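Just so you know, these numbers come straight off a predicted model, no measurement behind them. All heavy atoms count here, side chains included; hydrogens, waters and symmetry mates do not.
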Amino acid sequence: MSIKEYFLSISLNKKLIGMMLFLSLILLSVLMFMYGQSEKVLLNQLESQTAELSKAIQVGVEEVTSKGSTDQMRLQTYLRQLNTKGLKEISIISNTDEIVASTNPKQVGEQVGPRKKERIIKAELGEPLSKEGKVYNVILPVVAGNEHYGYIHLTINAEDFSETLKSHAIKRIIAAALVFALGILLAVVLSWMYTKPIHNVVNAARSVAAGDLSTELTTDRKDEIGELTQSFNYMVQKLREERALEEKLREAEHLSGIAQLSRSIAHEIRNPLNFISLSIDHLKKKYLPQGDEEEQEKFETLITSIKHEIQRLNKLVGDFLDYGKAMKLNRRETDVGGVIHEVIELVQAKAEKDGIRIQFHEEKFPKLFVDPELIKTCLVNIILNAFQAMPAGGDLTVSTRLSNGRAHIIIEDTGIGVSPENLQKLFDPFFSTKSTGLGLGLAMTKRVVEEHGGKIDFQSAEGQGSTMTISLPLEEG
């Protein structure tokens, strides 16, 4: 499993927890690194300050204990070197509380003030360090043997440490802000990954609400979005099945009414038709003119016309009965290509008479488990309808094709076509654009194909011809 597949398979809760742990780990790592760097810088700076402070004390002690006068220039030169290190001022105070040397020339010769005297007393008591704001005052008594020489006063500026701490604090804040910015970016990306497919589901739901049940979503995710998509597809599938069931129920109700009508017609018409047909045969034998061949021929033509009309009416009654019956399929393994050849041979004579050229393009596929007689009836019905759509002759092309695990029978004509307003009603029972017939042929054809688990599709452009496609599943008996 790839990283992408694994990421798409985990749930939203785990993704959020993982993202928070990842950000926390990054933040802790950055803060620990910066803390280590800050500590290292501060230790180096403290070490440097300690060394410089020790040097300053050494210089001060040398100045106090020297027998001659103090070297004012030496103190100032040394202080200039230390100013960048935080040491602000060095003063040497005598036992008489007089400033005898200082890096600040204005203070030389002056007596110490009360505050500084108070610090000297604290230094004598063991508290050499005092603080005023960001400045530390260090007063150290200088004693050699039993002799007290005076005091060293160091003024240390703590701003350098404060600036260092402030600088590192700002760096830590910036680092934390960057980590949180990364977290916001990850949250935006994660939200986009979830909101986009949700919008797709919403749009698909609107299409379904508008009546389009062909909508189907695809996803390879295994998380909540994947479950939502699968649930949506399952819902649409159930709606399709429910719609198909409703259509079958309506058709069943319609068929039930037709069946009742068919039984009534069969009872009221078929028996009298049989009697009339037998009576016509009797009249033909009894009243056939004798001697006059012309009269005899006219009489036989009249009797034949009556018999033909009786047969036509009997066929209409039969169509009613057949459409109203529950269909029973006599399935067996059938070479559909052979059935098509038989149908073409059956209608070839009529095609030649009507000036229609028939072509058959056959692609071999396995035998189908169908009722060959019903399939033959459907093909004859479709081809005869195509003939009627080409009153001035034309071309009829029959072809077979195998695709997507289904066998397709395609019948194309170059006839007058069907108008758009009649296209949707073509397979409705009792709908016909011809003056003869009941309009049950294509309805029966559709019913036969669907009983076989197939589909029938009709495409037509007015004045350009039509295409009928029968699609049957590849099933084994």
Side-chain angles (χ1 to χ4, degrees), residues 214 247 251 315-316 319 322-323 336-363 365 368 370 372-404 406-473:
S214 63
E247 291 178 356
E251 186 177 357
K315 182 179 181 302
L316 293 179
D319 289 342
D322 291 340
Y323 193 76
V336 175
V339 173
I340 296 175
H341 279 293
E342 293 177 8
V343 172
I344 292 176
E345 291 177 2
L346 187 64
V347 299
Q348 187 67 46
K350 180 172 176 57
E352 293 175 356
K353 179 182 176 182
D354 295 343
I356 297 172
R357 295 172 295 276
I358 300 178
Q359 296 180 358
F360 180 31
H361 304 294
E362 182 179 7
E363 177 183 332
F365 47 73
L368 303 183
V370 297
E373 296 303 323
L374 288 178
I375 294 296
K376 182 186 290 187
T377 301
C378 292
L379 294 175
V380 170
N381 192 16
I382 294 172
I383 291 175
L384 290 179
N385 280 340
F387 285 178
Q388 293 172 0
M390 296 184 286
D395 294 315
L396 180 78
T397 304
V398 182
S399 57
T400 57
R401 189 175 71 246
L402 184 65
S403 66
N404 298 324
R406 300 179 76 87
H408 303 278
I409 304 171
I410 304 160
I411 302 172
E412 301 173 88
D413 66 63
T414 57
I416 58 177
V418 178
S419 63
E421 59 270 16
N422 291 332
L423 200 59
Q424 299 298 324
K425 301 180 288 184
L426 196 66
F427 294 102
D428 291 348
F430 308 111
F431 173 79
S432 177
T433 58
K434 302 186 293 288
S435 58
T436 59
L438 293 174
L440 289 174
L442 289 179
M444 179 62 75
T445 298
K446 179 182 178 184
R447 185 180 171 195
V448 169
V449 172
E450 290 180 347
E451 288 290 335
H452 281 87
K455 294 181 180 179
I456 188 166
D457 179 68
F458 182 78
Q459 302 292 331
S460 181
E462 198 167 8
Q464 299 180 15
S466 305
T467 301
M468 186 80 75
T469 303
I470 296 175
S471 175
L472 296 171

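Once rounded to the nearest 0.5 Å, the distance linking CD1 of Ile382 with CD1 of Ile411 reads 4.5 Å. Within the model, atoms CD1 of Ile340 and CD1 of Ile383 stand 8.0 Å from one another, a figure rounded to the nearest 0.5 Å. Taking CG from Asn385 and CG from Leu442, the interatomic distance works out to 5.0 Å, rounded to the nearest 0.5 Å. Between Leu346 atom CG and His341 atom NE2 the span is 14.5 Å, to the nearest 0.5 Å. Note that CZ of Arg401 is 9.5 Å distant from OG of Ser471, once rounded to the nearest 0.5 Å. Put simply, CG on Leu379 and CG on Leu384 are 10.5 Å apart, with the number rounded to the nearest 0.5 Å.
Between Thr377 and Val448 there is no side-chain heavy-atom pair separated by less than 4.5 Å. Taking the side chain as every heavy atom from C-beta outward, Asp395 and Gln359 never approach each other to under 4.5 Å. In this structure, the side chains of Leu368 and Ile375 stay at 4.5 Å or more apart for every pair of heavy atoms. Side-chain atoms of Phe387 and Asp413, non-hydrogen and from C-beta on, never get closer than 4.5 Å to each other.
Listed for the Thr414 side chain is no donor-acceptor partner under 3.5 Å among the backbone atoms of Gly394.
Between Glu342 and Lys376, the shortest heavy-atom distance links the atoms OE1-NZ, 2.8 Å. In terms of heavy atoms, Met390 sits closest to Gly415 at CG-CA, 3.4 Å. Of all heavy-atom pairs between Gly337 and Glu362, the closest is CA-OE2, 3.6 Å. Looking at every heavy atom in both residues, Phe360 comes nearest to Thr400 through CE1-CG2, 4.1 Å. Across all non-hydrogen atoms, the minimal contact from His408 to Arg406 is CD2-O, 3.5 Å. In this structure, Ile456 and Val449 approach most closely via the heavy-atom pair N-CG1, 4.2 Å.
Residues in residues 343-354 take part in these salt bridge (charged side-chain N to carboxylate O under 4.0 Å, His left out) pairs, two or more places apart or across chains: Lys350-Asp354.
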Output side-chain donor-acceptor pairs under 3.5 Å for residues 458-468, partner residues at least two apart or in another chain, one line each.
unit_1 : atom_1 : unit_2 : atom_2 : d
Gln459 : NE2    : Asp457 : OD1    : 3.3
Gln459 : NE2    : Asp457 : OD2    : 3.2
Ser460 : OG     : Val418 : N      : 2.8
Ser460 : OG     : Gly465 : O      : 3.3
Ser460 : OG     : Ser466 : OG     : 2.8

